[in-house]
Structure formats: C-alpha cells, structure tokens
> 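Shown below is the structure under consideration.
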Amino acid sequence: MDAIADQGLRPETIPERTPVPPFDLVIFGAGGDLALRKLFPALAQRNREGVLPEDSRILAVVRKEEDVEGLPKQIAQRLHEEGLPKDQVATFLRRLTMVLLDALKPETYKALKNALGDSERVRSFYLSTPPDLFIPICENLAKAHILTPTSRVILEKPLGRDLASARQINDAVARILPESRTYRIDHYLGKETVQNLLVLRFANTLFERSWSSRDIDHVQITVAETVGLESRAGYYDKAGHMRDMVQNHLMQLLTLFAIEPPNMLEAGAVRDEKIKVLKALRPIVGPDVQRFTVRGQYGPGQIDGQRVRGYAEELGHASNTETFVAIRCEVDNWRWAGVPIYLRTGKRMAQRYSEIAVTFKPVPHSIFGNGTCDRLDANRLFIRLQPNDGVQLQLMMKVPGSGRLKIVPRQLDLRYSTAFDERTPDAYERLLTDVIRGDQTLFMHRDEVEQAWSWVDPIIAGWQDYSPHPHRYAAGSWGPSQAIGLIERDGRSWADPDLV
C-alpha cells in the first residue's frame with residue numbers, strides 16, 4: 001500500500017488484473033515488422049509490470065541462421081527505443097528462446113517440439129505471417145504433435161483476400177482446432193477507447209436512450225494515416241485499402257458502435273450482436289458503388305512541410321490499387337433505419353487520427369432569437385481513438401456576462417491522459433494476455449469475418465466494372481474531392497479534427 005501512496009494513487013484506482021497462467025507463446029514471423037514494432041514491446045511492458053508469470057517463455061521462430069543471434073539484438077534495440085531500462089530489457093530477453101524453422105517444411109518442426117518439451121502450460125501460437133501460411137503452419141503443428149488440449153492459435157488480419165479464401169482458411173483451421181481456441185486478432189479491438197464504447201453506451205443511461213435513429217442524425221467513422229507504403233509495398237498493392245482497413249478495422253468499429261445490448265459482457269453474447277449488425281448492412285452492389293463509394297490514390301504532395309512521393313512513385317510503376325476509401329452505408333434494422341454512416345480511411349492524409357463522430361439531431365424549435373447565436377449547432381459526440389484518446393461532447397453554452405444573451409458551442413472534454421493516472425496500455429498488451437487467459441471477447445468469430453467479406457466483396461467487384469481507376473488526391477490532403485461530394489450532397493460535412 002505504501003508503493004501505491006508513493007505514486008499518488010488511491011487504492012480504488014488501481015486496476016485489478018485477472019491472473020495470467022504460466023504459458024509458452026510461440027511467434028511465427030518473429031523477425032517481421034509487426035513483431036518488432038508491436039508484439040515484443042507489448043510483451044516487454046507486461047513483463048515489466050509483473051503480469052507475466054516467472055516461468056513463462058516466448059519462443060521466436062526464425063528462418064535464417066543469422067537471425068538466431070541477430071534478432072535478440074534487434075529486439076533489444078527496439079525496446080531501448082521504447083524507453084525500457086537496460087535491466088528490464090535484459091530480464092525480458094532471458095525469456096526468449098530462438099527456434100530455427102521453415103514454416104513450409106514439416107521436418108523442421110522437430111526443433112520447435114524439442115524446445116517446447118513436455119510442459120503442460122498453455123501454448124499459444126501467434127501467426128504473424130502472410131495469410132497463405134496460416135493453413136500450412138496449423139497443419140504442420142498438428143502433424144508434429146505439438147498442439148495440446150490447451151493450445152491456441154492467433155491469426156493476424158487480413159484473414160484471406162475475399163470470402164472464398166477466408167472460408168478456406170477458417171475451414172482448414174477448424175479441422176485442427178475448435179473455434180473456442182482460435183483467436184482472430186484485430187488490434188483496434190484492444191484499444192482502450194474502443195473497449196470504452198461498450199461502457200459509454202451500456203453503463204450510462206444518458207447515451208443508451210439516445211443511441212438510435214430517434215436522436216442521431218448521422219455517424220462518421222474516420223481512420224486516417226499520414227504514412228505511405230513503408231515496407232509493405234508487396235502486400236499492399238495486391239490488397240488495397242478496402243481489404244487492408246475497411247474489411248476489418250472499420251467494420252469492427254461500426255459493429256461495436258451499432259450493436260444491441262448483449263445480455264452479458266461475454267464473448268459469445270457480444271459476438272452474436274456484432275454479427276447481427278453486419279447482416280443488417282445494406283448491400284452496395286453493381287452501379288450503386290458509384291453513388292455510395294469513393295476510391296482514391298494519393299499523388300505527390302506535402303506532409304509536415306516535407307514533399308512526399310505519390311503512390312505510383314513509391315511503388316515504382318503505375319497501379320489502380322486504392323489507398324483511400326469513403327463509403328456511405330446504412331444499417332437496415334429497427335434502431336438505425338434511415339441513419340447514414342459515413343466511413344472514411346486513407347493513407348498520406350493531412351493528419352493521423354481515428355475517430356467516431358456522432359451528430360445528434362437539432363432541437364425541433366429554437367426559442368433563442370434576436371442575434372443570440374448565428375445558429376444552434378447540433379450536439380456532437382467525438383470518440384477519439386488516436387491520438388489523444390478520449391471522449392468529447394459538444395454542447396451549446398451561454399457566454400458569461402450580464403449583457404445580451406450569447407450562445408456558442410463548447411465541449412466537455414475527457415482525455416485519458418488527464419482523467420486517469422494509469423499508463424494507457426498498447427492494444428497488443430491487452431490482447432496477448434487475453435489469449436493466454438482464454439478470453440475471446442475482443443476477438444473475431446469466423447462468422448464475423450465471413451459476413452464482413454460478404455459485404456465488402458460486391459463493392460470490390462463493382463469497382464472493377466464501374467470505377468476501375470481511383471480518383472487522385474494530393475498527399476497531405478483529406479482525400480479526393482469526390483469524398484467531400486459524397487457527404488455534402490446529403491447536406492452534411494466531414495468533421496474537422498482540429499476542432500476536437
């Protein structure tokens with residue numbers, strides 16, 4: 001308790017942690033960008049906080065002999081860059097076991113089996129690899145008799161590139177592991193503000209009663225990036241932004257926003273409600289893609305005062321792959337009928353931010369006149385996912401003073417960084433330990449993945465017939481002008497991130 005007092009925290013503010021059982025975590029693709037940037041730093045933070053049991057291990061699978069010695073050095077450098085003290089880095093590295101293995105060669109799995117031994121600890125296998133390796137890795141794990149009754153497999157997004165390939169992967173994995181031990185990960189579901197969506201709605205009568213077409217005019221979901229291709233050119237040009245971002249991240253944000261109250265906060269109950277939302281999404285097929293969607297590709301421009309190349313320049317050749325998508329969609333059910341939901345996501349945009357902006361309907365009649373205000377702005381709720389995670393509620397307020405009544409929009413502002421003393425954990429910190437605990441609440445069921453593809457595939461097919469060439473936009477802008485027209489023809493406009 002003295003340690004708590006030293007940090008200036010009240011005992012009731014200390015988050016309770018569900019115990020993590022002893023485990024072995026095997027990371028395939030350990031030398032890849034995701035593992036170095038996210039997985040190892042997340043595990044090191046959990047280790048630093050004392051969450052990981054002493055005898056738990058992390059096994060890093062590598063293909064090249066030189067990586068057996070080289071990868072730990074890369075991990076150490078990355079953790080130093082993250083600000084971890086040297087002693088904590090050294091402590092974490094002692095958990096690491098390097099395993100030399102070729103994912104496509106069954107005979108090399110003997111090395112992994114020997115490294116794991118006969119331990120009865122929870123075994124989790126993180127497949128941080130391209131999706132075409134998911135099936136052979138799972139099959140080879142089974143053939144080598146490495147999987148135990150407590151083994152789990154973690155599949156990274158994207159799961160396939162269309163409905164057919166997603167089903168193929170799901171069917172193959174299901175022959176080896178049951179759904180209860182299959183974890184399809186989308187790191188957006190691990191973000192604190194995304195999880196807070198459920199609390200915001202279902203722990204506050206104020207919002208749940210107004211969370212419908214009765215009071216909400218429209219919704220905007222934006223995920224904007226300033227980065228370009230970076231090291232993902234080979235994958236990205238084959239996938240495009242619809243597969244890379246919309247089918248997973250934006251679909252998950254939409255479902256969590258729009259779900260009906262589950263009967264309990266339990267994985268199956270939450271997933272069932274999310275699937276209902278996906279099934280209620282109005283299809284966009286054929287020529288409708290021209291009316292309700294916009295696809296774009298960035299050209300040269302400026303970001304933070306620096307000139308950046310266009311997509312084709314970065315790629316080295318011309319391409320019709322989209323780097324921007326905007327969609328006007330609707331959920332055809334009792335709660336949301338008639339409420340447009342605008343999705344927008346792109347690379348090389350003016351700012352990096354992710355947000356859900358909810359615009360409520362205006363008051364039916366204003367009693368304020370005679371110059372008290374130019375107009376009564378509609379109330380707006382901003383749920384900011386990154387950066388500056390938090391929630392802002394825009395209200396109309398009176399300007400202080402005894403003179404003429406003056407009304408202006410102002411915001412109630414709750415930022416995670418100022419409202420809570422605790423460090424906000426990275427999404428992967430939460431999700432990795434949830435896998436080990438056996439909690440699937442923040443992971444996707446196969447039906448979710450396949451239903452999302454069922455909605456996305458016709459749009460991609462429609463683009464080939466009706467919009468084969470993406471609209472161009474300058475890097476550092478908010479996307480092509482057609483995206484502005486998409487929302488403005490409804491008499492609305494995109495929310496300004498600078499006002500949040």
Side-chain angles (χ1 to χ4, degrees), residues 2-10 13-17 20 23 25 27 29-54 56-60 62 67 69-98 126 128 154 156 185 187-196 225-227 230-232 303-304 306 351-354 384-390 414-436 442:
D2 291 339
I4 294 174
D6 289 344
Q7 297 177 50
L9 304 180
R10 300 184 305 276
T13 68
I14 305 303
E16 296 183 8
R17 300 192 188 279
V20 176
F23 66 89
L25 174 62
I27 301 178
D33 180 67
L34 173 65
L36 284 172
R37 284 192 307 109
K38 293 294 185 180
L39 303 186
F40 290 119
L43 290 164
Q45 286 288 357
R46 298 278 91 171
N47 185 65
R48 181 184 187 182
E49 294 172 2
V51 176
L52 308 186
E54 284 296 327
S56 297
R57 297 183 300 168
I58 300 164
L59 292 83
V62 294
D67 288 337
E69 292 188 4
L71 183 58
K73 295 177 182 177
Q74 289 180 271
I75 295 171
Q77 180 180 347
R78 178 66 188 179
L79 298 182
H80 287 311
E81 293 171 357
E82 291 283 325
L84 263 72
K86 288 184 178 180
D87 61 327
Q88 290 292 335
V89 173
T91 300
F92 177 72
L93 291 178
R94 284 196 288 272
R95 288 190 183 274
L96 281 181
T97 299
M98 306 302 297
Y126 198 121
S128 178
I154 310 165
E156 256 294 343
I185 194 169
H187 73 272
Y188 262 60
L189 295 182
K191 291 180 178 293
E192 289 289 336
T193 323
V194 174
Q195 297 170 51
N196 200 43
E225 303 175 290
T226 55
V227 298
E230 297 182 301
S231 61
R232 305 173 70 217
I303 293 179
D304 295 330
Q306 301 294 317
Q351 292 182 30
R352 172 184 172 269
Y353 85 106
S354 300
R384 178 61 68 89
L385 311 178
Q386 64 180 19
N388 301 321
D389 305 20
L414 187 154
R415 306 276 173 149
Y416 270 46
S417 58
T418 55
F420 300 101
D421 297 314
E422 296 82 13
R423 182 185 70 88
T424 301
D426 179 79
Y428 283 99
E429 295 179 36
R430 167 68 184 268
L431 295 174
L432 286 168
T433 48
D434 275 0
V435 173
I436 298 162
L442 298 178

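Reckoned from all heavy atoms, side chains included, excluding hydrogens, waters and symmetry mates.
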> For Pro387, what residues pass the side-chain contact (heavy atoms from CB on, under 4.5 Å) criterion, not counting sequence neighbours?
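Per chain and number, Pro387 pairs via side-chain contact (heavy atoms from CB on, under 4.5 Å) with Arg352, Tyr353, Arg384.
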> If the condition is salt bridge (charged side-chain N to carboxylate O under 4.0 Å, His left out), which residues does Lys191 pass it with, not counting sequence neighbours?
none
> Considering all heavy atoms of both residues, which atom of Leu71 and which atom of Gly31 are nearest to each other, and what is their separation?
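Heavy atoms only, the tightest pair is CD1-CA, 3.9 Å.
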> Please report the closest heavy-atom contact between Ala35 and Gly29, naming both atoms and the distance.
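In this case the closest contact between Ala35 and Gly29 is CB-O, 3.7 Å.
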> From Leu432 CG over to Gln45 CD, what is the distance, rounded to the nearest 0.5 angstrom?
12.5 Å
> Listed by chain and number, what are the side chain to side chain donor-acceptor pair (under 3.5 Å) partners of Thr97, not counting sequence neighbours?
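Counting only residues at least two positions away or on another chain, Thr97 forms no side chain to side chain donor-acceptor pair (under 3.5 Å).
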> First locate atom CG of Leu39, then atom CD1 of Ile185, and finally report the distance between them rounded to the nearest 0.5 Å.
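So the CG of Leu39 and the CD1 of Ile185 are separated by 7.5 Å.
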> What's the separation between atom CG in Asn388 and atom CD in Gln386, rounded to the nearest 0.5 Å?
10.5 Å
> Count the heavy atoms belonging to other residues, nucleotides or ligands that lie under 6.0 Å from CG of Asp87, then report whether that count exceeds 12.
yes
> Out of curiosity, Ile75 CD1 to Met98 CE, how far, rounded to the nearest 0.5 Å?
6.0 Å
> I'd like to check Gln74 versus Arg78 (side-chain heavy atoms, cut-off strictly below 4.5 Å). Are they in contact?
no
> Report the distance from atom CG of Leu442 to atom CG of Asp434, rounding to the nearest 0.5 Å.
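One gets 5.5 Å once the value is rounded to the nearest 0.5 Å.
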> Under the side-chain contact (heavy atoms from CB on, under 4.5 Å) rule, collect the residues that match up with Gln77, sequence neighbours excluded.
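Checked Gln77 against side-chain contact (heavy atoms from CB on, under 4.5 Å); matches are Glu81.
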> Quick one: list whatever passes side-chain contact (heavy atoms from CB on, under 4.5 Å) with Ala44, sequence neighbours left out.
Leu79, Leu84, Phe92
> Is any side-chain heavy atom of Arg95 closer than 4.5 Å to a side-chain heavy atom of Leu52?
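Yes, at least one pair of side-chain atoms sits under 4.5 Å.
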> Holding to side chain to side chain donor-acceptor pair (under 3.5 Å), I want the full list of residues that pass it with Gln195, two or more places apart in sequence or in another chain.
Arg430
> Search all heavy atoms of His187 against all heavy atoms of Leu431 and return the closest pair with its distance.
CA-CD1, 3.7 Å
> With side chains defined as the heavy atoms from C-beta onward, is the minimum distance between Leu43 and Ile27 less than 4.5 Å?
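Counting from C-beta outward, Leu43 and Ile27 do come under 4.5 Å.
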> Which residues pass the salt bridge (charged side-chain N to carboxylate O under 4.0 Å, His left out) test with Arg57, sequence neighbours left out?
Asp24
> Between Gln88 and Pro85 (side chain of the first, backbone of the second, donor and acceptor by atom type, cut-off under 3.5 Å), is there such a pair?
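Pair absent, no side-chain N/O of Gln88 close to backbone of Pro85.
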> Could you give the distance from CG (Asn47) to CZ (Phe40), rounded to the nearest 0.5 Å?
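Going from CG on Asn47 over to CZ on Phe40, the span is 13.0 Å.
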> For Leu93 versus Ala76, what's the shortest heavy-atom pair and its separation?
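Where Leu93 meets Ala76 most closely, the heavy atoms are CD1-CB, 3.9 Å.
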> At their closest point, which heavy atom of Leu25 faces which heavy atom of Phe23, and how far apart are they?
N-CD1, 3.7 Å
> Please name all residues satisfying side chain to side chain donor-acceptor pair (under 3.5 Å) with Thr433, sequence neighbours left out, ordered by chain then number.
Arg437
> Does Glu156 have any side chain to side chain donor-acceptor pair (under 3.5 Å) partners at least two apart in sequence or in another chain, and if so, which?
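Residues passing side chain to side chain donor-acceptor pair (under 3.5 Å) with Glu156: Tyr126, Tyr428.
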> Kindly indicate whether the side chain of Pro41, heavy atoms from C-beta on, has any atom under 4.5 Å from the side chain of Asp426.
no
> Partners of Asp67 by side-chain contact (heavy atoms from CB on, under 4.5 Å), sequence neighbours excluded?
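In terms of side-chain contact (heavy atoms from CB on, under 4.5 Å), with neighbours along the sequence ignored, Asp67 is linked to Val62, Lys64.
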